[in-house]
Asks: 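Let me give you the structure first, and then I'll get to my questions.
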Amino acid sequence: MTPDVATLVDEMRRDEKLRLVRGRPDPDERATGYLPGVPRLDVPPLRLVDGPLGIRAEGERATAFPATLATAATFDPELAHTQGTALAREARAHGQHALLAPGVNVLRVPHCGRNFEYLSEDPVLASHHSRALVDGIQSEDVVATVKHYVANNQETHRTEVSAEVDERTLREVYLPPFRAAVEAGVGSVMTAYNRVNGVYMSDHDRLVGDVLKDEWGFGGYVVSDWYGLATTAGAANAGLDVEMPGVASGPEDAEFEWPDGIPDGSHAGLFGDPLATAIDEGAVPESRLDDMVTRVLAQMGRIGLLDDTERDGELDSQRHRDLARRIATRGTVLLDDDGVLPLSDDADVALLGPHVHEAKLGGGGSSETTPFHSVSPVDGLTERGEGTVTSARGIPEIESVSLFDLLPFVDAGHEDDATETPTTEPSLDDAVAAAEDADVAVVLVRDATTEARDRDTLSLPGRQDELVEAVAAANDRTVVVLRSGGPVETPWREAVAAVVEQWYPGQADGAALASVLYGDSDPGGRLPVTFAPEGTYPASDGRRFPGEDGEAHYDEGVFVGYRHFDASDAAPTYPFSHGHSYAEFVYRDAAVIDERTVEVTVENVAGRTGREVVQAYVRPPGGGGVDRPRRAFAGAAPVALAAGESATVRVLLDELAFSRYDGGWTVDTGEYDVEIGRSVADVRATVCVDR
Ligand code: GLC
C-alpha cells in the first residue's frame, strides 16, 4: 500500500527532508544522480540516469539507440513513444528510476554541439515528439526529465550566456516542447545552465515559478543541471526542488580553470546546510522545503518506489535491438538520388571512409552509451550484399570530441570495444582504386559534435570533402552517406549520384544502412532541420550567436529555421521536412474535415512499397499588423503504402500553428490556407480553414 506523502512529510525531521533535495554519491557508483532516501520511514533511494540515446549507468552497457534527431526525422511520434518505453525498461533493468531525457531544446543554431540530442527547428514537431517520448518513458514507471529548460540553444558559454529573447518568441518557439511535456504529465523538468534575459534558469522565478508551476500546473520536481544552481535561496524560492549532483567533484586545485561550457564542479551542496541556514534565517520558507520534498515523494510514489513495487526492466533484448534498427532505418533521409539507389543485390560496392569499420553511435557527452553489440557499415553491407564489398579508409580518421575529453579527471567509462584500431596508414589512392573497380562507391562521412562545444564550421572535418571529390571523379555512381548531428555543407552534391543522411544511427548502424541502400526499407525520414549554406541561417552573426558580452540576442524572433528561409530570398540546400522515397506518391481529394483536421488520399504509383510522410502547414491570414511566418508546420501523418495502394489519411492541425502570442494567446479570425504535401517546399494541395 502506498504510504501517504503528506504523512511522510509530516513525520520527517529537517535533516531527513534535506536528504531528498540534494544529490549524494551513489553507493553503487552507477547512477548519474542519487537521492539517499529516508531509511527510518522506508523511503528508498531515488536513482537518476542519463540519457536520451540509451542508459549511461557508469561502467554498464545498454542498447545504443539512434540520435534523438533521427527519431524526430521519422515524423512519427508513435515510434518515439515506443523508443521511450524501451529506454525506460533499460533504465529499470539497471536499477534506475528517473531518466534524464528527453532533450527538447529547439534547434536554433545549426552549429550547436547538442543538436543530435534534440528534436527540431520547429516547435510543433518538437512538441509532438517531446510529448510522445515523455509518455513512453513514464508508461514504464520511470520518471522522465524534460531538459534543458529553457533556451539552451548553444553550448558556447552555456553556463553563463544569457539568451536575450522576447516573450512572444519564448512562447511561440522555445517553450512549447516543454509545455507539451508538462501536458503529458512529465515528472521532472531540468533547468538549463544558461540565463534567460539576465536571470539564471535555476533562479528564474518567472519562468520556473510563474510559468512552469503556476500557469502550466507542473506538479513534479524541478532538478538543476549538474552544478547548475546559481544560488541557494534564489533557486529555492524560484521553484527549484532538487540540486544535482549535490556533491563537489573535480580537481582539488582551487585555481583549476574550468573549460568553457563546463560547469564549476566545486559549486555544490547549496541545498545542504546553506538551505537549512536560509530557512532558519527566514530567507526560504519552511513550507518551500516541504513542497520540494512533497514533489519528489509524489514522483517516487507514482512509479511505485514507495510501495516497493518491483520492476525488472528489459536490457538488450531482441525487441530493443530491432527497435534501434527500425528507428535508424525510418530516420534515414534520402536527400538526393539520380536513380543509383536502391543498389542491386549483386552490385560490387566500394565502401569508403575513415570509419567504415565502426558504428556511429552518437555524439560526445552525457548522452554517450556503450552497447552490448553494434553493426559496422562494413559488416552490414557485407552481410546484405551479394556482390563484392571492398572497403578502404582513404583518409585519416576524424577526431571525435567528447565532453569527457575536456575533463581529464573523469573516466568516460567504456571505450566502444567494437572499434578496431587500424594498423595501416590510409591511402587516398587505395580508395580511388577501389571506387574505380566497383559498380557503386559509397562514401561515409561524419561531423564531430559533443556537449559543451559548438562546431566552428558546418563543413565536414578533416579531408572528407577531398575524399568525396576524389571518389566521385573515379566513379559516377557515388553515394555519400552523411552521419551528422545536424546540418552540414555538401559542396560536392552536384558531383555525386545520391546523398543520404543517417544522423547518428546508433548500434544498428550497418544493418540499417544496408537495409536502406539495398531498398529493403524505403528511407522514411524527412529533415527536422533545414540544411542551408553556412552564414544564411538567422543565428549567424556574433550578436545572435555565440553572443557578445555574455548575451546571445535572439533578434530573429520567431523566424527560426524554415520560417526564416520562407521570409528571405536565401534558398536552403535541402529544405525542412524534405526527403525522397524510392516510391512515388500522388495526392488527391484533399478536404477539410473540421477546423483542426484535414484529409487527403495518397496513392503509391510506383512498383514498390514506399513510406510517405504527409504534412500540413498553416498559412495565417494576411494583415493583423503582426509580422508572422509565412507558414507553420501543423502536423504530419506517416503512412506505408504497397505498390499501387492508396490510403486516405487525416492530419490533425496543432492549435499552435494557428496561434500567436501577445501577452496572451490569439487566433486571428479569418481564412487560413492549409498546405498539404511532401515537404515545406513540395505542396500537393491547398485547402482553406475558417477560424
Ligand atoms: C550535463 C547535461 C545534462 C545531463 C547532466 C548529467 O551537464 O547538461 O543533459 O543529463 O549533466 O550528466
Side-chain angles (χ1 to χ4, degrees), residues 23 25-26 29-35 46-60 62 67-68 87 91 94 96-105 112-119 130 133 137 142-161 177-178 181 186 188-194 200-202 221-229 242-250 258-265 267-268 362-370 402-407 410-413 449-454 485:
D26 172 14
E29 297 185 336
R30 298 196 308 162
T32 311
Y34 177 83
L35 293 176
L46 178 71
R47 289 184 163 84
L48 302 81
V49 70
D50 283 318
L53 279 59
I55 305 310
R56 184 175 68 87
E58 289 306 312
E60 300 289 346
T68 313
L87 284 166
H94 278 302
Q96 308 296 309
H97 312 117
L99 180 60
L100 302 171
V104 303
N105 294 98
C112 176
R114 295 188 84 171
N115 282 339
F116 72 93
E117 288 185 68
Y118 301 153
L119 291 162
S130 170
L133 284 164
I137 291 165
V142 167
V143 178
T145 310
V146 68
K147 67 186 186 181
H148 309 85
Y149 186 74
V150 66
N152 178 188
N153 305 110
Q154 64 186 61
E155 292 301 284
T156 307
H157 313 321
R158 67 169 172 164
T159 58
E160 64 267 344
V161 71
F178 293 93
V186 72
S188 179
V189 174
M190 182 190 292
T191 46
Y193 288 121
N194 53 274
Y200 279 102
M201 277 311 302
S202 65
Y221 60 85
V222 179
V223 62
S224 73
D225 202 339
W226 266 231
Y227 310 106
L229 256 73
V242 176
E243 175 196 9
M244 278 294 163
V247 286
S249 81
W258 293 89
D260 179 61
I262 304 293
D264 177 350
H267 187 65
S366 56
S367 65
E368 290 179 28
T369 306
T370 306
S402 167
L403 160 81
F404 299 111
D405 301 335
L406 306 170
L407 296 172
V410 169
D411 168 21
T449 63
T450 180
E451 175 181 341
R453 282 287 175 278
D454 293 324

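Counting convention: from 1, in listed order, for ligands and their atoms alike. Side chains are part of it too, since the values below use all heavy atoms of this structure and drop only hydrogens, waters and symmetry mates.
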Asks: What part of Glu117 sits under 4.0 Å from ligand 1 if we count only heavy atoms: the side chain, the backbone, both or neither?
Replies: neither
Asks: Return the closest protein heavy atom for atom 12 (O) of ligand 1 as residue, atom name and distance.
Replies: Asp50 OD2, 2.6 Å
Asks: Between the side chains of Arg56 and Glu368, is the shortest nitrogen-to-carboxylate-oxygen separation below 4.0 Å, so that they form an ion pair?
Replies: no
Asks: Go through ligand 1 atom by atom and flag the ones less than 4.0 Å from a non-hydrogen atom of Leu100.
Replies: 10 (O)
Asks: Purely on distance, is any nitrogen or oxygen of Thr32 under 3.5 Å from one on ligand 1?
Replies: no
Asks: Would you say Arg114 touches ligand 1, if touching means a heavy atom closer than 4.0 Å?
Replies: yes
Asks: Do Phe116 and Thr450 touch side chain to side chain, with heavy atoms closer than 4.5 Å?
Replies: no
Asks: May I ask you to identify, for Glu368, whether its side chain, its backbone, both or neither come under 4.0 Å of ligand 1 on a heavy-atom basis?
Replies: neither
Asks: Heavy atoms only, cut-off 4.0 Å: how does Glu155 contact ligand 1, side chain, backbone, both, or neither?
Replies: neither
Asks: Would you say the side-chain atoms of Thr32 pair up with the backbone N or O of Asp50, donor to acceptor, closer than 3.5 Å?
Replies: yes
Asks: Pull out every atom of ligand 1 sitting under 4.0 Å from any heavy atom of Arg56, numbered as shown with elements.
Replies: 12 (O)
Asks: Taking 4.0 Å as the limit for heavy-atom contacts, which would you say applies to Glu451 with ligand 1: side chain only, backbone only, both, or neither?
Replies: side chain
Asks: Considering only heavy atoms of Lys147, which atoms of ligand 1 have at least one such atom less than 4.0 Å away?
Replies: 3 (C), 4 (C), 9 (O), 10 (O)
Asks: Where is the tightest heavy-atom contact between Ser224 and Leu229, given as atom of each residue plus distance?
Replies: CB-CD1, 3.1 Å
Asks: Can Arg47 and Asp26 be counted as an ion pair, charged N to O under 4.0 angstrom?
Replies: yes
Asks: Met190 heavy atoms, cut-off 4.0 Å: which ligand 1 atoms fall inside?
Replies: 10 (O)
Asks: List ligand 1 atoms under 4.0 Å from Tyr193, heavy atoms only on the residue side.
Replies: 1 (C), 7 (O), 8 (O)
Asks: Can you list the atoms of ligand 1 that are under 4.0 Å from a heavy atom of Ser366?
Replies: 2 (C), 3 (C), 4 (C), 9 (O), 12 (O)
Asks: Which atoms of ligand 1 have any heavy atom of His148 under 4.0 Å away?
Replies: 3 (C), 8 (O), 9 (O)
Asks: Counting only heavy atoms, tell me which of Ile262, Thr159, Asp225 gets closest to atom 8 (O) of ligand 1.
Replies: Asp225
Asks: Do His157 and Tyr193 have side-chain N/O donor and acceptor atoms under 3.5 Å apart?
Replies: no
Asks: So, are Glu451 and Arg114 salt-bridged, with charged N and O less than 4.0 Å apart?
Replies: yes
Asks: Can an N or O of Trp226 be found at a distance shorter than 3.5 Å from an N or O of ligand 1?
Replies: no
Asks: Less than 3.5 Å apart, any donor N or O on the side chain of Ser249 or Tyr227 sitting next to an acceptor on the other?
Replies: yes
Asks: Within the side chain of Lys147, is there an N or O that forms a donor-acceptor pair under 3.5 Å with the backbone of Leu100?
Replies: yes
Asks: Within the side chain of Asn115, is there an N or O that forms a donor-acceptor pair under 3.5 Å with the backbone of Gly485?
Replies: no
